[in-house]
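Starting from 1, each residue takes its place in the sequence as its number.
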Amino acid sequence: MTEELKETFTGALPPGPPAPAGGTPGAPSAPGTPADPSAHVAPGTPARPGTPVGPAAPAPAPAPVGAAPDPLAAKVRALAPSMTRSMQRVAEAVAADPAGCAALTVTGLADRTGTSEATVVRTARALGYPGYRDLRLALAGLAAQRTSGRPPAVTSDITVDDPVEAVVAKLARDEQQTLADTAAALDTAQLAAAVTALADARRIDVYGIGASGLVAQDLAQKLLRIGLVAHAHSDPHVAVTGAVQLRTGDVAVAITHSGATADVIEPLRVAFERGATTVAVTGRPDGPVAQYADHLLTTSTARETELRPAAMSSRTSQLLVVDCLFTCVTQRTYATAAPALSASYEALAHRRTPRQRTHPR
């Protein structure tokens, strides 16, 4: 367990034994990790002979195997302030020992952390997983990566040692496959129904958080260019405020890879209850978002992992669905969409023309 994670959960667990000389008081070193007596040594002071000395600053070269930033620990640190103390204990346990926790049932993990099964499930969802089963699978994968002896993985198949050419080739192959998988699985009947609703809508609200928020903005600005009234919302308070104003004849679109993002589900629920037509673009059609969606558009999830540095495959598949929606809506509304596109192009033409520089005489 890293010192950063310890600091995140200060007070969540009883204090450990005093640290070895030179370490931070009250913070024990991780098992097998030598204390760094140079951490508080003044610059220029020689280290004692035979004492391991840690680097003064991170080296620019790739980190050695096992020293890569832990994505689960980073996620726990980010979410800890919003968790209860009991949820923090569960989160700390899975981040510290993914292999051990992956082998436990929900009851076993609850017993290990002194919490309840409901707390374990709530913690799994807070960490971005639909349920405890999904968290266990992710923990097993993380544990296997830590013990495999392979270079740390940046994504599921790209390591820190891969040359640039290999990174480009692997990403291109994965994204091509993601697009093919999404196109093959997309329900065209659901797509057609969503297109009809969008083409006839009085107003369209699109909800998305994080990378899905960027996709939401892309859809809204595309629809705006063909003359439809569309707004993208990534602030959950503004999204709910806008959803309250929707009614029959309006459309709300929720974009969430996990299908469990509360800040996206809440405004969709409000829009649904107000009578608006609702559409969900998600990689988990069995997730909570589905209960408030009139139309479900499924994206590929096979090549996206929960412990990832950024949304990539999910974003690629979402953008394909957005492009399908936009293109089909443009077909349906071509009589008004074409003039609107021309008008927006002409209005922005002067911004695409390079201005000539004037030089002082």
Side-chain angles (χ1 to χ4, degrees), residues 1-16 27 30-31 68-147 156 209-212 236 254 256-266 268-269 282-292 301 304-311 314:
M1 189 186 312
T2 61
E3 293 300 326
E4 292 85 356
L5 190 59
K6 281 281 187 182
E7 292 170 3
T8 299
F9 292 101
T10 300
L13 293 176
D70 188 325
L72 180 57
K75 182 182 285 190
V76 169
R77 286 196 300 273
L79 296 176
S82 63
M83 293 180 176
T84 64
R85 282 300 181 92
S86 58
M87 291 173 67
Q88 288 177 3
R89 290 201 298 273
V90 175
E92 182 184 38
V94 299
D97 184 16
C101 292
L104 297 174
T105 63
V106 64
T107 303
L109 184 55
D111 291 341
R112 175 171 174 171
T113 56
T115 61
S116 65
E117 295 180 7
T119 298
V120 171
V121 173
R122 283 198 300 271
T123 305
R125 290 176 177 169
L127 292 174
Y129 304 94
Y132 181 61
R133 182 182 67 87
D134 302 87
L135 175 60
R136 285 185 73 184
L137 290 174
L139 291 176
L142 180 59
Q145 177 184 309
R146 286 182 176 181
T147 60
S156 59
I209 300 296
S212 295
T256 164
H257 169 66
S258 68
T261 307
D263 288 340
V264 171
I265 294 174
E266 185 179 6
L268 191 73
R269 175 187 61 78
T282 180
R284 295 298 297 266
D286 57 342
V289 73
Q291 62 184 312
Y292 302 115
T301 61
E304 189 75 277
T305 62
E306 293 294 344
L307 301 178
R308 62 195 192 276
S314 59

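Take Val121 and apply the side-chain contact (heavy atoms from CB on, under 4.5 Å) test, not counting sequence neighbours, and it matches Val106, Arg125. Every residue meeting the side-chain contact (heavy atoms from CB on, under 4.5 Å) condition with Ala99, not counting sequence neighbours, appears here in chain and number order: Asp97, Ala143. By the side chain to side chain donor-acceptor pair (under 3.5 Å) test, Arg136 pairs with no residue at all, sequence neighbours left out. Gln291 meets the side chain to side chain donor-acceptor pair (under 3.5 Å) test with no other residue; sequence neighbours excluded. For the side-chain contact (heavy atoms from CB on, under 4.5 Å) test, no residue two or more places apart in sequence or in another chain qualifies with Ala103. Listed by chain and residue number, nothing satisfies the side chain to side chain donor-acceptor pair (under 3.5 Å) test with Thr123 (two or more places apart in sequence, or in another chain).
Leu139 places a side-chain heavy atom less than 4.5 Å from the side chain of Leu135. Asp111 places none of its side-chain heavy atoms less than 4.5 Å from the side chain of Leu104. Counting heavy atoms from C-beta outward, Arg112 and Val120 have side chains that stay 4.5 Å or more apart.
Of all heavy-atom pairs between Ala290 and Pro285, the closest is CB-O, 3.1 Å. The nearest pair of heavy atoms linking Cys101 to Tyr132 is O-OH, 3.4 Å. Closest heavy-atom contact between Arg89 and Gly114: NH2-O, 3.3 Å.
Formation of a donor-acceptor pair under 3.5 Å by the Thr105 side chain with backbone atoms of Gly108 is found in this model.
In this structure, Ile209 CD1 and Thr261 OG1 are separated by 7.5 Å, a value rounded to the nearest 0.5 Å. Put simply, CZ on Arg85 and CD on Glu92 are 11.0 Å apart, with the number rounded to the nearest 0.5 Å. Interatomic distance, Ser258 OG to Ile265 CD1, rounded to the nearest 0.5 Å: 7.0 Å. To the nearest 0.5 angstrom, Thr115 atom OG1 is 6.5 Å from Leu109 atom CG. Separation of atoms CG (Leu79) and CD (Gln88) is listed at 11.0 Å; rounding is to 0.5 Å.
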For the pair Thr119 and Arg122, evaluate side-chain hydrogen bond (donor to acceptor under 3.5 Å, both in side chains) and give the outcome as yes or no after the intermediate values.
-> CA-CA 5 Å; Thr119 298; Arg122 283 198 300 271; 3.2 Å; yes
